[in-house]
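Quick caveat, the model's predicted, so the values are computed rather than measured.
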Amino acid sequence: MHKIIKIALVGTSSVATAVAGGLYLSLSLSLPALDQDVTSDSVKQQVSLERDRLGTAIIHASDRQDAAYGLGYAHGQDRFFQMDLLRRNSAGELAEIFGEKALDLDKRRRFHQLRKRAELIVAKLNAEHLAVLTTYARGVNDALAAQTLSSFEYIVTGAEPKPWQPADSLLVIYSMYLDLQGNTIKRDLTLTQIQTLFGSEMVNFLIQPSQYQAPLDGSQLALTPLPIPALSNNLLAQAQPLEIAEPLDIGSNNWAVTGELTENGNAMLSDDMHLSFAVPIIWYRAQLNYQKDGAERQVTGVSLPGAPAIVVGSNGEVAWGFTNAYVDTADWVAIDEKTPIYFENETIALPDSEVVYAIEMSPYGPVKEVGEQRYALSWVAHTDYAVDMQLIELDSIASVEQGIEIAETMGIPVQNMLLVDSMGSAAWKPAGAYPSRTNPSNVAMATQDYQSVNWLQDQAKLPQVIDPESNRLWTGNSRVVSVDAHKALGDGGYALGARSMQIRDRLLEAERFSVKDFYQLQLDNEARFLVPWQQLLLNQLSAQPERFAEDIDYIKSWQACACSDSVGYTLVRHFRTQVIDTTFAPIETELAKYQLSLSSIKRYLEPGIWQLINTQEPSWLPRDEQSWSSHLLQMYLSAKEASLAKYSDSNEMADLAWGKVNQLKIQHPFSKQLPILSTLLDMPVVEGFGDSFMPAVQGASFGASQRFIVQPGDEANGIMTIPGGQSGHPLSDFYRAGFDEYVSQQSTPLLPGEAIHRLAILPSPKG
């Protein structure tokens with residue numbers, strides 16, 4: 001979300017003056033009141049909203065509806081501006097705050113018409129879920145109305161906060177669709193254009209299966225070497241030195257073991273969701289306490305501000321967590337002049353005017369033109385089963401089987417859902433919206449192949465595993481399903497399976513697990529995946545041992561981990577990136593002419609690049625290179641030179657320690673344009689830990705957005721560590737609370753501590 005807010009400040013010279021003159025006073029006046037009694041006509045009985053040392057929202061209410069009001073009030077006090085951005089992001093309404101600089105982004109979002117879809121779905125929700133959404137919105141708006149002064153973000157941007165509506169909570173879920181499935185849409189369009197430019201042989205070569213496979217059933221896609229398509233001299237001559245952006249491994253790790261492998265017989269779950277970091281962090285700690293069907297309910301975990309559900313957590317009997325499933329949820333359809341076309345107008349508001357944006361529509365979905373061909377997009381997010389409030393039903397499940405039933409009708413971006421229960425069971429199932437069509441495709445399909453009826457139906461009967469024979473379950477955004485199921489569900493942009501394999505292999509190394517063992521696995525930064533690259537680089541440099549004596553020493557002593565003090569890791573990691581970017585530059589150059597990139601399939605290029613290296617295919621060598629050996633050496637020198645220029649003022653290799661190169665910098669988006677605000681708004685910069693292709697995923701502003709480990713029934717020993725605080729207010733005691741524990745790898749307790757603030761919400765007196 002930080003990219004969105006950047007738009008607000010670019011070129012606005014008056015912002016610095018406004019911030020410098022009145023920031024502190026405005027911040028002080030806009031702090032929410034945490035200790036008082038208020039009244040509301042939206043609650044049936046008293047609702048208590050407490051906070052502990054971390055700012056965890058501890059809510060006590062008479063029923064789920066009143067609990068939703070309390071959670072809405074807490075979100076409204078601590079996170080309203082971030083909630084506002086989430087709804088505006090998916091709805092395409094950012095230009096109303098940020099002006100014309102946000103107009104292109106708004107048009108890309110309006111292409112999906114998600115506000116219209118959210119409002120239609122809200123109108124069809126069952127009465128109980130609609131009541132929860134409505135009451136939640138009232139809680140948000142009451143908290144907003146109680147503020148003495150709007151939060152500083154509205155003062156800086158000059159915007160006015162608008163009331164929260166029930167449909168806005170669905171737009172927040174749609175924002176997750178854009179994050180979690182946006183790459184699926186780009187991937188298929190990129191592969192379609194590669195097919196157009198280079199043919200099907202090139203598509204097959206670029207996305208061939210790799211050796212890194214870790215499905216739950218052990219089935220393997222065949223690793224048959226594919227013909228290497230030749231590159232023409234003309235393509236090599238025109239190739240530009242373009243960086244192929246690293247795709248973020250959005251989606252996460254999770255794993256579980258049954259009670260057979262724990263001391264107390266309760267199953268155990270680990271879940272760390274990988275998302276972009278910003279200030280404030282996306283998740284919000286909460287505990288809901290209420291009654292349902294005569295029983296006390298307590299649900300503890302993290303919520304997504306803007307929605308009234310505990311997204312990941314435990315209810316004392318069952319715990320649940322998610323990773324992005326990356327099955328194929330989108331089809332592009334190649335249309336022609338026979339396809340009926342019409343236009344729908346979307347009005348985009350600007351601060352002082354408005355723009356009418358016409359969207360070309362077809363029976364298959366909205367239309368986009370690439371080159372001389374037009375394609376229509378069918379995406380599961382466009383269906384009427386894409387979003388709902390089934391997540392709140394997880395509050396009261398008592399077994400993994402009950403959780404599986406809810407997963408079959410859940411309206412979220414389809415996820416690998418892991419469930420464990422206090423009776424010792426563990427289960428996996430894809431949860432979320434998935435179309436019933438049976439012919440997913442990597443490239444655009446012809447109109448006659450489009451299964452229009454099947455796209456209207458949600459596919460509930462997806463694969464599942466309950467209590468596997470191995471007593472272990474794992475997912476990490478690569479293929480989880482069997483080879484046969486893979487054919488039916490398709491590939492929506494799977495992560496390379498190296499991370500999943502490392503998790504699986506770690507789980508198979510032991511026969512008994514504790515919470516501490518699971519936490520160590522979350523922190524596992526061993527560089528197993530890069531070992532072949534380290535060996536390749538050593539072989540190249542060893543031909544000139546005197547010239548590269550220092551380099552060889554660093555690379556040999558690299559520790560085989562993404563460790564903070566490892567210079568060798570940086571050298572190997574950047575060498576691999578340079579080899580891939582330069583070798584595939586001819587294709588990237590052609591795609592750039594169509595505003596497309598190999599970035600969306602970069603994780604697939606591993607088997608292809610090794611095939612080129614091992615066969616020393618001459619047609620892929622840059623024109624000025626005579627051999628692959630000289631090419632690889634030049635790639636190392638280029639990567640090293642670029643790294644030293646970026647990270648070392650004295651041209652010293654010691655400055656390339658991975659912890660410095662991969663520093664964790666969690667910034668508030670405003671400080672990126674006004675660095676003077678960094679001390680006030682940003683988290684402290686710390687040495688990096690971890691990388692891609694290993695369980696401990698971490699980049700400069702990306703990684704495990706929470707570390708969650710729990711055994712249902714033993715929440716007292718559970719962990720929930722988050723890289724940021726509860727509040728979006730920089731003067732709040734909770735702005736950075738928990739960050740130090742995250743970066744020092746401490747085990748922050750899942751359960752809230754002693755309450756230090758208490759706000760009582762009383763029913764309004766009856767007139």
Taking the side chain as every heavy atom from C-beta outward, state whether [X] and [Y] have any pair of such atoms under 4.5 Å apart.
| X | Y | result |
| --- | --- | --- |
| L170 | M389 | yes |
| N89 | Y174 | no |
| V122 | Q165 | no |
| S436 | L456 | no |
| R603 | N183 | yes |
| R187 | D491 | yes |
| I719 | V515 | yes |
| T409 | D458 | no |

Backbone N or O of [Y] within a donor-acceptor pair of the [X] side chain at under 3.5 Å?
| X | Y | answer |
| --- | --- | --- |
| T323 | G476 | no |
| R79 | Q726 | yes |
| Q415 | F322 | no |
| N126 | E128 | yes |
| N324 | L180 | yes |
| W474 | M501 | no |
| T184 | G492 | yes |
| N477 | S252 | yes |
| D66 | K44 | yes |
| D328 | A330 | yes |

How long is the straight-line distance from [atom2] of [Y] back to [atom1] of [X], given to the nearest 0.5 Å?
| X | Y | atom1 | atom2 | value |
| --- | --- | --- | --- | --- |
| I282 | M273 | CD1 | CE | 8.0 Å |
| F513 | T262 | CZ | OG1 | 10.5 Å |
| I412 | M176 | CD1 | CE | 9.5 Å |
| Q402 | I406 | CD | CD1 | 7.5 Å |
| Q77 | S727 | CD | OG | 9.5 Å |
| N254 | F518 | CG | CZ | 10.5 Å |

Polar side chain donor-acceptor pair, [X] to [Y], under 3.5 angstrom:
| X | Y | answer |
| --- | --- | --- |
| E715 | T300 | no |
| T56 | Q287 | no |
| D467 | T258 | no |
| D217 | S219 | yes |
| D421 | S399 | no |
| N253 | D272 | yes |

Can you give me the closest heavy-atom contact between [X] and [Y], atom names plus distance?
| X | Y | value |
| --- | --- | --- |
| I397 | G403 | CD1-CA, 3.8 Å |
| E526 | Q502 | O-NE2, 3.1 Å |
| A309 | L71 | N-CD2, 4.3 Å |
| R707 | Q745 | NH1-CA, 4.1 Å |
| S425 | A267 | O-CB, 3.2 Å |
| A325 | N416 | CA-ND2, 3.5 Å |

Is the shortest side-chain N to carboxylate O distance from [X] to [Y] below 4.0 Å?
| X | Y | result |
| --- | --- | --- |
| R472 | E260 | no |
| R512 | D517 | no |
| R285 | D78 | no |

Item to check | Over 12 non-hydrogen atoms of neighbours within 6.0 angstrom of CD in E754 | outcome: no
Next on the checklist: Taking NZ in K516 as the centre, count heavy atoms belonging to other residues, nucleotides or ligands within less than 6.0 Å. Is the count above 12?
Outcome noted: no
Item to check | side-chain contact (heavy atoms from CB on, under 4.5 Å) between L507 and L521, intermediate numbers included | outcome: CA-CA 9 Å; L507 291 174; L521 180 46; 4.1 Å; yes
Next on the checklist: For F739 and I281: C-alpha separation, side-chain torsions, deciding distance, then whether side-chain contact (heavy atoms from CB on, under 4.5 Å) applies.
Outcome noted: CA-CA 10 Å; F739 174 79; I281 209 71; over 6 Å; no
Checklist entry - Taking it one step at a time, do L418 and D271 satisfy side-chain contact (heavy atoms from CB on, under 4.5 Å)? => result CA-CA 9 Å; L418 286 192; D271 188 84; over 6 Å; no
Item to check | Verdict with supporting geometry, Q46 and H60, side-chain hydrogen bond (donor to acceptor under 3.5 Å, both in side chains) | outcome: CA-CA 8 Å; Q46 178 175 324; H60 292 267; over 6 Å; no
Next on the checklist: Could you go through D52 and I58, starting from their C-alpha distance and side-chain angles, then the distance that decides it, and tell me whether this counts as side-chain contact (heavy atoms from CB on, under 4.5 Å)?
Outcome noted: CA-CA 8 Å; D52 68 355; I58 310 162; 4.3 Å; yes
Checklist entry - Checking side-chain hydrogen bond (donor to acceptor under 3.5 Å, both in side chains) for the pair S378/D331: CA distance, chi angles, key distance, verdict? => result CA-CA 5 Å; S378 278; D331 287 333; over 6 Å; no
Item to check | Worked check of ring-ring contact (aromatic ring centres under 6.0 Å, His included) between F529 and Y212 | outcome: CA-CA 9 Å; F529 168 75; Y212 300 102; 5.3 Å; yes
Checklist entry - Does R138 make a cation-pi contact with Y69, if we ask for NZ or CZ under 6.0 Å from the ring centre and within 45° of the axis? => result no
Next on the checklist: For W164 and F80, take the angle between the two ring planes, folded into 0 to 90°, and tell me which bin it lands in: parallel under 30, tilted 30 to 60, perpendicular over 60.
Outcome noted: perpendicular
Item to check | Working for side-chain hydrogen bond (donor to acceptor under 3.5 Å, both in side chains), residues Q291 and D63 | outcome: CA-CA 5 Å; Q291 294 80 42; D63 60 15; over 6 Å; no
